[in-house]
Amino acid sequence: MRILFYLISIVTANVVTAAFAPLQFGAFIVPMGTLLIGATFIFRDLVQNKYGRAKTYIFIFVALGFSALASFMLGDTLLIVLASAISFVVAETADTEIYTRLKLPMAWRVFYSGIVGGFLDSVIFVVIGLSPLGANFLPWEAVPAAIVGQVIVKTVIQMIGALILNRVYVMKEKRLISE
């Protein structure tokens with residue numbers, strides 16, 4: 001189930017981003033799929049928690065293939081597909097390696113690794129894919145707002161996920177102790 005949720009969240013993020021106009025909160029620009037991208041880091045951590053680091057990389061590359069295929073089928077330009085692929089691989093690798101190395105409870109590892117992954121994903125995708133350097137959808141003046149907006153949303157999603165995981169694991173520990 002973890003793997004399925006991980007793969008579905010990635011493809012759904014692409015579909016939602018293509019289907020809906022970005023949200024604008026003041027100066028911040030946030031593609032609708034950003035809400036799901038934050039969740040993909042949580043699902044990836046759950047996959048890694050169950051299957052280990054080495055197998056997680058296999059699932060990351062399977063997810064990359066699905067993501068690139070979905071983006072291409074939705075009509076994204078080759079540059080957007082490439083920016084998405086680069087940001088995905090860098091962000092997922094950073095998330096995986098940080099999650100692996102932190103010696104903290106799972107909820108904190110999910111939170112910290114997701115923040116870094118979300119930050120890298122936002123910066124790389126916006127600069128390579130959307131800025132004048134890439135597909136030129138955003139002027140340079142809008143790039144910082146697009147990055148910050150995405151980072152904020154992804155961080156909030158990570159925080160919610162970490163709080164839920166913390167609650168689940170605390171309840172699980174209490175049940176084990178009482179048995």
Side-chain angles (χ1 to χ4, degrees), residues 6-45 47-48 56-101 110-161:
Y6 176 59
L7 296 175
I8 287 172
S9 67
I10 290 165
V11 172
T12 305
N14 285 322
V15 171
V16 168
T17 298
F20 297 98
L23 297 172
Q24 192 151 0
F25 300 107
F28 302 123
I29 303 163
V30 181
M32 291 294 288
T34 301
L35 301 167
L36 292 165
I37 296 299
T40 65
F41 292 115
I42 297 166
F43 291 136
R44 198 223 41 82
D45 290 338
V47 167
Q48 183 176 351
T56 297
Y57 277 108
I58 294 169
F59 300 127
I60 288 171
F61 284 101
V62 169
L64 173 65
F66 282 136
S67 177
L69 182 62
S71 290
F72 182 74
M73 289 174 58
L74 290 165
D76 287 337
T77 67
L78 189 56
L79 190 55
I80 294 295
V81 173
L82 181 64
S84 179
I86 292 169
S87 65
F88 181 81
V89 168
V90 171
E92 292 288 326
T93 299
D95 187 283
T96 301
E97 294 305 316
I98 290 168
Y99 182 87
T100 299
R101 287 168 174 73
V110 166
F111 182 64
Y112 291 135
S113 65
I115 287 174
V116 174
F119 174 79
L120 291 170
D121 183 65
S122 300
V123 170
I124 293 168
F125 182 73
V126 170
V127 171
I128 294 175
L130 304 178
S131 77
L133 182 67
N136 202 21
F137 288 125
L138 296 174
W140 282 116
E141 302 80 44
V143 167
I147 292 170
V148 171
Q150 288 188 40
V151 169
I152 289 169
V153 169
K154 290 172 189 171
T155 300
V156 168
I157 299 295
Q158 288 301 127
M159 184 177 63
I160 292 168

Exercise for review: Examine distances only and state if a side-chain atom of Ser71 and a backbone atom of Ser67 form a donor-acceptor pair shorter than 3.5 Å.
Suggested key: yes
Review point. Hey, what do you get for CD1 (Ile124) to CD1 (Ile86), rounding to the nearest 0.5 Å?
Key: 8.0 Å
Check your understanding: Side-chain contact, heavy-atom cut-off 4.5 Å: Thr56 with Tyr99?
Key -> no
Review point. Is Gln158 reaching over with its side chain to a backbone N or O of Val110, donor-acceptor style, under 3.5 angstrom?
Key: yes
Check your understanding: Stepwise, does the side chain to side chain contact (heavy atoms under 4.5 Å, CB included) test hold for Leu133 with Trp140?
Key -> CA-CA 9 Å; Leu133 182 67; Trp140 282 116; 4.0 Å; yes
Exercise for review: Just do the side chain to side chain contact (heavy atoms under 4.5 Å, CB included) check on Ile157 and Leu36 with the steps written out, would you?
Suggested key: CA-CA 8 Å; Ile157 299 295; Leu36 292 165; over 6 Å; no
**Study point:** Closest non-hydrogen atom pair between Gly117 and Ala91, with its separation
**Key:** O-CB, 3.2 Å
Check your understanding: Heavy atoms, side chains only, cut-off 4.5 Å: are Leu130 and Val143 in contact?
Key -> no
Point to revise | Within 6.0 angstrom of Phe20 CZ, more than 12 heavy atoms from elsewhere | key: no
Review point. For Ser87 and Asp121, which heavy atoms make the closest approach, and how far apart are they?
Key: OG-OD1, 3.2 Å
Review point. Distance from Tyr6 atom OH to Asp45 atom CG, nearest 0.5 Å?
Key: 9.5 Å
Point to revise | Thr93 (side chain) donor-acceptor with Val90 (main chain) under 3.5 angstrom | key: no
Practice item. Output the distance between atom CZ (Phe59) and atom CZ (Phe43), rounded to the nearest 0.5 Å. Key: 15.5 Å
Check your understanding: Roughly how far, to the nearest 0.5 Å, is CG of Leu23 from CG of Leu35?
Key -> 6.5 Å
**Study point:** Heavy-atom closest contact (Ile42 atom, Gly161 atom, distance)
**Key:** CD1-CA, 3.6 Å
**Study point:** From Ile37 atom CD1 to Phe125 atom CZ, the distance as rounded to the nearest 0.5 Å
**Key:** 9.0 Å
Point to revise | Smallest separation among heavy atoms of Gly118 and Val151, with atom names | key: O-CG2, 4.5 Å
Exercise for review: State, yes or no, whether a side-chain contact exists between Leu120 and Asp95 at a heavy-atom distance under 4.5 Å.
Suggested key: no
**Study point:** 4.5 Å side-chain heavy-atom contact, Phe28 and Ile152
**Key:** yes
Review point. What's the verdict on side chain to side chain contact (heavy atoms under 4.5 Å, CB included) for Phe119 and Val123, showing C-alpha distance, side-chain angles and the deciding distance?
Key: CA-CA 6 Å; Phe119 174 79; Val123 170; 3.7 Å; yes
**Study point:** Any donor-acceptor pair under 3.5 Å from Asp76 side chain to Val81 backbone
**Key:** no
Point to revise | Spacing of CD1 belonging to Ile98 relative to CZ belonging to Phe111, to within rounding of 0.5 Å | key: 12.5 Å
Check your understanding: Under 4.5 Å between any side-chain heavy atoms of Pro31 and Gln150, yes or no?
Key -> yes
Practice item. Would you indicate whether the side-chain heavy atoms of Ile60 and Glu92 approach each other to under 4.5 Å? Key: yes
Exercise for review: Quick one: do Arg44 and Thr96 satisfy side-chain hydrogen bond (donor to acceptor under 3.5 Å, both in side chains)? Show the steps, please.
Suggested key: CA-CA 8 Å; Arg44 198 223 41 82; Thr96 301; 3.2 Å; yes
Practice item. Might you point out which heavy atoms bring Leu74 and Ala18 nearest each other, and give the distance in Å? Key: CD1-CB, 3.9 Å
Review point. Quick one: does Phe137's side chain get under 4.5 Å of Ile80's, heavy atoms only?
Key: yes
Review point. Short question: side chain of Thr34, backbone of Val30 - any donor-acceptor pair under 3.5 Å?
Key: no
Practice item. Step by step, work out the side chain to side chain contact (heavy atoms under 4.5 Å, CB included) result for Met32 and Thr17. Key: CA-CA 5 Å; Met32 291 294 288; Thr17 298; 5.6 Å; no
Exercise for review: Identify the two heavy atoms, one from Glu141 and one from Pro144, that lie closest to each other, and give their separation to 0.1 Å.
Suggested key: O-CD, 3.7 Å
